[in-house]
Number of protein chains: 2
Amino acid sequence: MATIRDVAKEAGVSVATVSRVLNETGYVHEDTRKRVTGAMKNLNYSPNEVARSLYKKKSKLIGLLLPDITNPFFPQLARGVEDELQKGGYRILFGNSDENAEKELDYLNTFIQNNVVGIISATNNKSKTNYDGLSIPVVFLDRTSSDYPSVYADGKEGGRIAAGEIVKRGSKRITLLKGPAHIQPALDRFQGALEELSRSDIDFHVMSTTSFAFEDAEKWAKELFSMYPDTDGVLASNDIVATAILHEALRLGKAIPEDIQIIGFDDIPQSSLLFPSLSTIRQPAYEMGKEAVQLLIKLINSEPVHQQHIQMPVTFIERHTTRKVDTNG
Amino acid sequence: MATIRDVAKEAGVSVATVSRVLNETGYVHEDTRKRVTGAMKNLNYSPNEVARSLYKKKSKLIGLLLPDITNPFFPQLARGVEDELQKGGYRILFGNSDENAEKELDYLNTFIQNNVVGIISATNNKSKTNYDGLSIPVVFLDRTSSDYPSVYADGKEGGRIAAGEIVKRGSKRITLLKGPAHIQPALDRFQGALEELSRSDIDFHVMSTTSFAFEDAEKWAKELFSMYPDTDGVLASNDIVATAILHEALRLGKAIPEDIQIIGFDDIPQSSLLFPSLSTIRQPAYEMGKEAVQLLIKLINSEPVHQQHIQMPVTFIERHTTRKVDTNG
DNA sequence: TTGTATGCGTTATCAC
DNA sequence: GTGATAACGCATACAA
């Protein structure tokens, strides 16, 4: 690896001059500028970001902390983050926390140790104390916070919409699935649905799905139909769980959406490829990622920020696990 | 942020001594060691990885380059990589290349500029020249290479198995889907299937699916059934495409697996949640990620490596888009 | 057993 | 316009 010194020697100038042409700071004669850029080309020079980072006490790195990239909701988020970050020349230091406070703290520390200039975190740990005392901006993604800037979907409204739509379409014995209690967005959508359901005259059960893991989804599905066999409407905690419910319902020979209606949450890409395709509440994951980055970059640059808390809209995606509203039963 | 100098002052020793206790190198009296660790605690000191990296010319960072984390096959890989890397205290600098040579080169450059000690790349670009002249170890993941260490599944064998199984189960008019020509693993599985099919007396068509994107999957599915409406067996280029085919077949009122058998490739997590659940050729993605890291770390440490090219086994996962072999038609 | 001094590759502050 | 040089935080060779 060629260093700035090598370039300086090759071009017959001082390192200061090389640095000037590199950063386009200060005056430098056109001729020498050419000699320098020529030397850079010759030596295939590119500046050492580490040295730069050490001196300036700031890098072009940001830390991205996700609960688990294996959950199909997060790749979308991550992609939004990356695409937007790339525009500003930032790079991603990446980690999965598994919603584990210790792992989270560990990653946070190494982010700091590597001079990241900002952090985007989508973890839902109670221990926000992990973030206190950080001298760099943090924005929470898919997570509300009064203390920190955040970008999140309107889960409560999503829950309300889902409940409203399923009731409007004629389900009478609804099962409401409650996601993990420690995950705020899951709680929000649950509470929204609960609120809306309570407002109606419909019977409903609440059942807890204490994880969003693929391996467990099937278990919840079987449990649901063994406990509430006459359910004719399911409000799932997310699309994974909804997929498993759909699978099990079909396996049991139920007609969808005639016997049972199902509404998911998230609108992960594969939901439209199910058969019948899954009606769901869409969160604009990719856009949320981008939004979070835009906010973070403003913060990094100490630009004025109008909104510290950005709530993104959710929408009902009507597909084929719900009946048409005209032909409701 | 406290520096080593602050700690030294607080403990009343020199920075060298602090460095010694930090790295457990050289002798240091127990008493002073305690004073130093105490001071570290007091000041909440943790070493600056950037300075360290600059001095030692090596970091605890590795670069991970994926085609697109949004493709459900890759999160598994990524997770395997991360989990294994974590054990060694390494962190991930992450990027998606979109199989775009320019983006790839861009990421590679910034990896180098940030002093990564190794790179794992799952891109399938022809331009392996991007990697020549790198002074750090690279291992290719999900990609064969004679020039570089690599970890990949036996795609050709997978293709053979898939073809063999669908023939054995009685499909007579098979459509073989060919993935993007520039993606070697897709080509391998195609060629394996082609080979096996050619060996039989079965009629078959070949149709190209030139991308693995969700948005296109539906298009391939419709195209397939409009071009080859009497197909009774589909060998899909991956599980996404298979999912779309299944969806379309069901939509057309075909009975699965009686009218059509479908076999996918990858065994992404959601495949088992489809209905009917998808028969597929499993690649051990998570394990492949781990394997790649183990190889990379040996390379980084200049340890002897028995196998530069690790081929992982693929297996047929029999689910419900294929008929039982006893009751074949 | 401990301290001093040097350098890792850059940028920025001064002189010239 | 350009060039020395100090400094960023750390690890090491060498002295003491």
Side-chain angles (χ1 to χ4, degrees), chain A residues 1-37 39-40 43-61 89 109-117 135-136, chain B residues 1-37 39-40 43-61 89 109-117 135-136:
Chain A
M1 276 286 88
T3 77
I4 198 174
R5 227 177 297 267
D6 299 327
V7 176
K9 194 180 300 177
E10 170 93 0
V13 298
S14 75
V15 294
T17 302
V18 178
S19 179
R20 276 193 277 267
V21 343
L22 203 54
N23 299 290
E24 296 176 344
T25 165
Y27 300 97
V28 39
H29 192 91
E30 181 58 20
D31 292 352
T32 66
R33 203 189 61 72
K34 273 188 185 144
R35 281 219 313 288
V36 170
T37 52
M40 286 180 179
L43 300 171
N44 193 14
Y45 169 78
S46 68
N48 181 324
E49 281 297 329
V50 176
R52 226 176 223 186
S53 173
L54 177 61
Y55 181 86
K56 315 219 323 188
K57 292 167 182 288
K58 56 172 56 174
S59 66
K60 288 299 263 182
L61 264 26
N109 279 338
T110 61
F111 287 168
I112 299 298
Q113 293 181 0
N114 282 284
N115 264 2
V116 301
V117 285
S135 57
I136 56 169
Chain B
M1 277 286 86
T3 77
I4 199 174
R5 226 178 300 266
D6 299 327
V7 176
K9 194 181 301 176
E10 170 93 1
V13 298
S14 77
V15 294
T17 302
V18 178
S19 180
R20 281 189 203 100
V21 343
L22 203 55
N23 299 291
E24 297 176 343
T25 164
Y27 301 96
V28 39
H29 192 91
E30 181 56 21
D31 292 353
T32 65
R33 204 189 60 72
K34 272 187 186 146
R35 282 220 313 288
V36 170
T37 53
M40 286 180 180
L43 299 172
N44 192 15
Y45 168 80
S46 66
N48 181 325
E49 279 298 329
V50 177
R52 219 175 231 191
S53 172
L54 178 60
Y55 180 86
K56 316 219 326 185
K57 292 167 183 288
K58 56 172 57 175
S59 66
K60 289 299 264 182
L61 263 27
N109 279 337
T110 61
F111 287 168
I112 299 298
Q113 293 180 1
N114 282 285
N115 263 2
V116 302
V117 285
S135 56
I136 55 170

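Per chain, numbering begins at 1; letters A, B, ... match sequence-line order. All of these numbers come straight from a predicted model, not from anything done at the bench.
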Exercise. Check step by step if side-chain hydrogen bond (donor to acceptor under 3.5 Å, both in side chains) holds for Ser19(B) and Asn23(B).
Key: CA-CA 6 Å; Ser19(B) 180; Asn23(B) 299 291; 3.3 Å; yes

Quiz prompt | Ala2(B) backbone acceptor or donor facing Asp6(B) side chain under 3.5 Å | solution = no

Practice problem: Report which part of the nucleic acid Ser53(B) touches: base, sugar-phosphate, or nothing (heavy-atom distance under 4.0 Å, all strands). | Solution: nothing

Exercise. Nearest whole angstrom, please: distance from the P of dG9(C) to the NZ of Lys56(B).
Key: 15 Å

Quiz item: What's the spacing between Asn114(A) CG and Ser53(A) OG if we round to 0.5 Å?
Solution: 8.0 Å

Exercise. Kindly compute the distance separating CZ (Arg52(B)) from NZ (Lys58(B)), expressed to the nearest 0.5 Å.
Key: 13.5 Å

Quiz prompt | Distance in Å, Leu22(A) CG paired with Tyr45(A) OH, rounded so as to fall on 0.5 Å steps | solution = 5.0 Å

Practice problem: Output the residues of residues 1-9 of chain A in contact with DNA chain C, where contact means a heavy atom of the residue under 4.0 Å from an atom of the strand; sort by number or write none. | Solution: Thr3(A), Ile4(A), Arg5(A)

Quiz item: Would you say Arg35(B)'s side chain and Ala11(B)'s backbone share a donor-acceptor pair under 3.5 angstrom?
Solution: yes

Quiz prompt | Glu49(B) CD to Leu54(B) CG distance, which is reported to the nearest 0.5 Å | solution = 12.5 Å

Practice problem: Check side-chain hydrogen bond (donor to acceptor under 3.5 Å, both in side chains) between Glu30(B) and all other residues, then give those that pass, not counting sequence neighbours. | Solution: Arg33(B)

Practice problem: With rounding to the nearest 0.5 Å, note down the distance linking NZ in Lys9(A) to OG in Ser14(A). | Solution: 13.5 Å

Quiz prompt | Sub-4.0 Å heavy-atom contacts from residues 43-51 of chain A onto DNA chain D, ordered by number | solution = none

Quiz item: In whole angstroms, how far is the P atom of dT11(C) from the CG atom of Asn115(A)?
Solution: 15 Å

Quiz item: Are Val13(B) and Val28(B) close enough that some pair of their side-chain heavy atoms sits under 4.5 Å apart?
Solution: no

Exercise. For the residue pair Gln113(B) and Val50(A), establish whether any side-chain heavy-atom pair is separated by less than 4.5 Å.
Key: no

Quiz item: Taking for each residue the nucleotide of DNA chain C with the nearest heavy atom, is it Ser14(B) or Tyr55(B) whose nucleotide lies nearer the 5' end?
Solution: Ser14(B)

Practice problem: Walking along DNA chain D from 5' to 3', note the first and the last nucleotide with an atom under 4.0 Å from a heavy atom of chain A, and give both. | Solution: dG1(D) to dG9(D)

Quiz item: Does any non-hydrogen side-chain atom of Thr3(B) lie less than 4.5 Å from one of Asn48(B)?
Solution: no

Exercise. Please give the angle, rounded to 10 degrees, between the axes at the start and the end of the helix from dT1(C)-dA16(D) to dC16(C)-dG1(D), where five pairs define each axis.
Key: 50°

Quiz item: NZ of Lys57(B) versus C1' of dG9(C): gap in Å, rounded?
Solution: 8 Å

Quiz item: Taking side chain as C-beta onward, heavy atoms only, is Met1(A) less than 4.5 Å from Ile112(B)?
Solution: yes

Exercise. Answer yes or no: is there a donor N or O on one side and an acceptor on the other, between the side chain of Ser59(A) and the main chain of Asn115(A), under 3.5 Å?
Key: yes

Quiz item: Considering only heavy atoms, which members of residues 17-26 of chain A lie under 4.0 Å from some atom of DNA chain D?
Solution: Thr17(A), Arg20(A)

Quiz prompt | Donor-acceptor pair under 3.5 Å, Tyr27(B) side chain vs dT1(C) base | solution = no

Quiz item: Side-chain contact, heavy-atom cut-off 4.5 Å: Ile4(B) with Val18(B)?
Solution: yes

Exercise. Calculate, to the nearest 0.5 Å, the distance between atoms OG1 and CE belonging to Thr37(A) and Met40(A) respectively.
Key: 7.5 Å

